[in-house]
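See below for the structure under consideration.
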Amino acid sequence: MRSLLDSRTRAAVIARLQTLDRATPPRWGRMTAVEMVAHINDGLRLALGDLPSRPHPSPLRLPPLKQAAVYWLPIPRGVSGPPELTARLRAGPPLNWSDEQAAFPELLDQFGRKAINEAWPEHPVFGPLSARAWGVLSLRHTEYHLQQFGL
């Protein structure tokens, strides 16, 4: 199964994101291009343990549902994720396109260097995840948003 733990997959994702223009409109949803990049950057920060989060009660913490959602079920359009991943979009100073674009490959590199046997943080919705699950889920989340912008 494809994962952001694979260096070739990370390189392909970086190349796709580099083709994004700040003026590209989404095919669905309300995010701008810079908001989307900031959002996926924050998803990587969450996976790395650099973005504080708190557990959210969810049936997706139960093993059969968690496995299905992380590995197989399509991400529905318009579904709300954990609020930690949209906090900067709602409250912070204006996002900077260059900063967000530059942060993405750096965060992916950190993600790829994180040891598989190292402790990975708990996901706010899915609960404890293995390195493999984080790699797959993070790729699926990133892919969802790249497709949102036609990449």
Side-chain angles (χ1 to χ4, degrees), residues 1-54 56 60 66-67 69-77 79-151:
M1 181 162 271
R2 293 181 61 227
S3 166
L4 282 183
L5 294 173
D6 177 70
S7 61
R8 289 172 298 187
T9 300
R10 288 192 310 274
V13 168
I14 289 168
R16 286 170 62 199
L17 189 74
Q18 288 174 338
T19 66
L20 181 66
D21 182 84
R22 76 175 84 200
T24 302
R27 292 181 170 180
W28 72 85
R30 294 183 300 234
M31 279 190 207
T32 64
V34 69
E35 288 172 337
M36 181 273 285
V37 177
H39 175 71
I40 59 175
N41 285 346
D42 285 347
L44 293 168
R45 288 182 181 103
L46 181 72
L48 292 166
D50 295 339
L51 181 65
S53 68
R54 60 177 181 75
H56 301 279
L60 295 174
K66 175 175 23 181
Q67 297 307 100
V70 168
Y71 292 103
W72 301 294
L73 294 175
I75 301 171
R77 287 186 181 176
V79 69
S80 293
E84 292 87 348
L85 297 187
T86 56
R88 282 196 312 141
L89 310 184
R90 293 187 314 269
L95 299 168
N96 180 286
W97 174 254
S98 298
D99 292 346
E100 296 301 332
Q101 281 285 87
F104 183 71
E106 293 172 13
L107 289 164
L108 271 184
D109 184 57
Q110 290 174 34
F111 189 95
R113 287 194 322 258
K114 189 169 174 80
I116 291 175
N117 59 354
E118 201 175 320
W120 288 71
E122 184 172 313
H123 189 280
V125 174
F126 298 111
L129 294 176
S130 66
R132 179 176 182 261
W134 269 113
V136 170
L137 180 63
S138 296
L139 176 60
R140 293 186 72 222
H141 178 246
T142 302
E143 286 282 345
Y144 171 89
H145 288 293
L146 292 178
Q147 291 169 13
Q148 180 183 14
F149 282 82
L151 303 177

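Below, all heavy atoms of this structure are taken into account, side chains as well, without hydrogens, waters or symmetry copies. These figures come from a predicted structure and were not determined experimentally.
- Distance alone, capped at 3.5 Å, places no donor-acceptor pair between the Trp120 side chain and the Pro128 backbone.
- The closest side-chain heavy-atom distance from Ser3 to Arg132 is not below 4.5 Å.
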Practice problem: Evaluate the criterion side chain to side chain contact (heavy atoms under 4.5 Å, CB included) for residue pair Leu46 and Ser53; output intermediate values, then yes/no. | Solution: CA-CA 8 Å; Leu46 181 72; Ser53 68; 3.6 Å; yes
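- Each salt bridge (Lys or Arg N to Asp or Glu O under 4.0 Å) pair with one or both residues in residues 140-151, not counting sequence neighbours, appears once here: Arg2-Glu143, Arg16-Glu143.
- At least one donor-acceptor pair under 3.5 Å links the side chain of Arg10 to the backbone N or O of Leu4.
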Quiz item: Stepwise, does the side chain to side chain contact (heavy atoms under 4.5 Å, CB included) test hold for Met36 with Leu17?
Solution: CA-CA 11 Å; Met36 181 273 285; Leu17 189 74; 4.2 Å; yes
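- Counting only heavy atoms from C-beta outward, the side chains of Trp97 and Val37 approach each other to under 4.5 Å.
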Exercise. Assess whether side chain to side chain contact (heavy atoms under 4.5 Å, CB included) is satisfied between Leu89 and Leu95, documenting all intermediate values.
Key: CA-CA 8 Å; Leu89 310 184; Leu95 299 168; 3.5 Å; yes
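- Side-chain contact between Pro121 and Trp134: present, with at least one pair of heavy atoms (C-beta onward) separated by less than 4.5 Å.
- Judged by distance alone, the side chain of Asp42 and the main-chain N or O of Thr86 form no donor-acceptor pair under 3.5 Å.
- Under a 3.5 Å cut-off, the side chain of His39 and the backbone N or O of Leu85 do form a donor-acceptor pair.
- Side-chain polar atoms of Glu35 and His145 form no donor-acceptor pair below 3.5 angstrom.
- The environment of Leu73 atom CG is dense: over 12 non-hydrogen atoms of other residues, nucleotides or ligands sit within 6.0 angstrom.
- Put simply, the side chain of Lys114 never gets that close to the backbone of Ala131: no donor and acceptor are under 3.5 Å apart.
- Although no hydrogens or angles enter the test, the distance criterion places a donor-acceptor pair under 3.5 Å between the side chain of Thr24 and the main chain of Asp21.
- Using a distance-only test at 3.5 Å, with no hydrogens or angles considered, a donor-acceptor pair links the side chain of Gln148 to the main chain of Trp28.
- You'll find the side chain of Asp50 reaches within 4.5 Å of the side chain of Gln110, heavy atoms only.
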Quiz item: What's the verdict on side chain to side chain contact (heavy atoms under 4.5 Å, CB included) for Phe126 and Gln67, showing C-alpha distance, side-chain angles and the deciding distance?
Solution: CA-CA 9 Å; Phe126 298 111; Gln67 297 307 100; over 6 Å; no
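- Ala33 and Arg22 make their closest contact through CB-O, 3.6 Å (heavy atoms, listed as atom of the first residue, atom of the second, distance).
- Nearest heavy-atom pair, Glu100 versus Ala38, reported as atom, atom and distance to 0.1 Å: OE1-CA, 3.3 Å.
- When all heavy atoms of Thr142 and Phe104 are compared, the pair lying nearest together is CG2-CZ, 4.2 Å.
- When all heavy atoms are compared, the tightest approach of Pro26 to Gly29 is CG-O, 3.7 Å.
- In terms of modelled atom types and a separation under 3.5 Å, the side chain of Glu84 and the main chain of Arg54 share a donor-acceptor contact.
- Residues Gly127 and Lys66 come closest through the heavy atom pair C-NZ, 4.4 Å.
- The shortest distance between side-chain heavy atoms of Leu129 and Glu122 does not fall below 4.5 Å.
- The minimum heavy-atom distance linking Leu20 with Phe149 is given by the pair CD1-CB, 3.9 Å.
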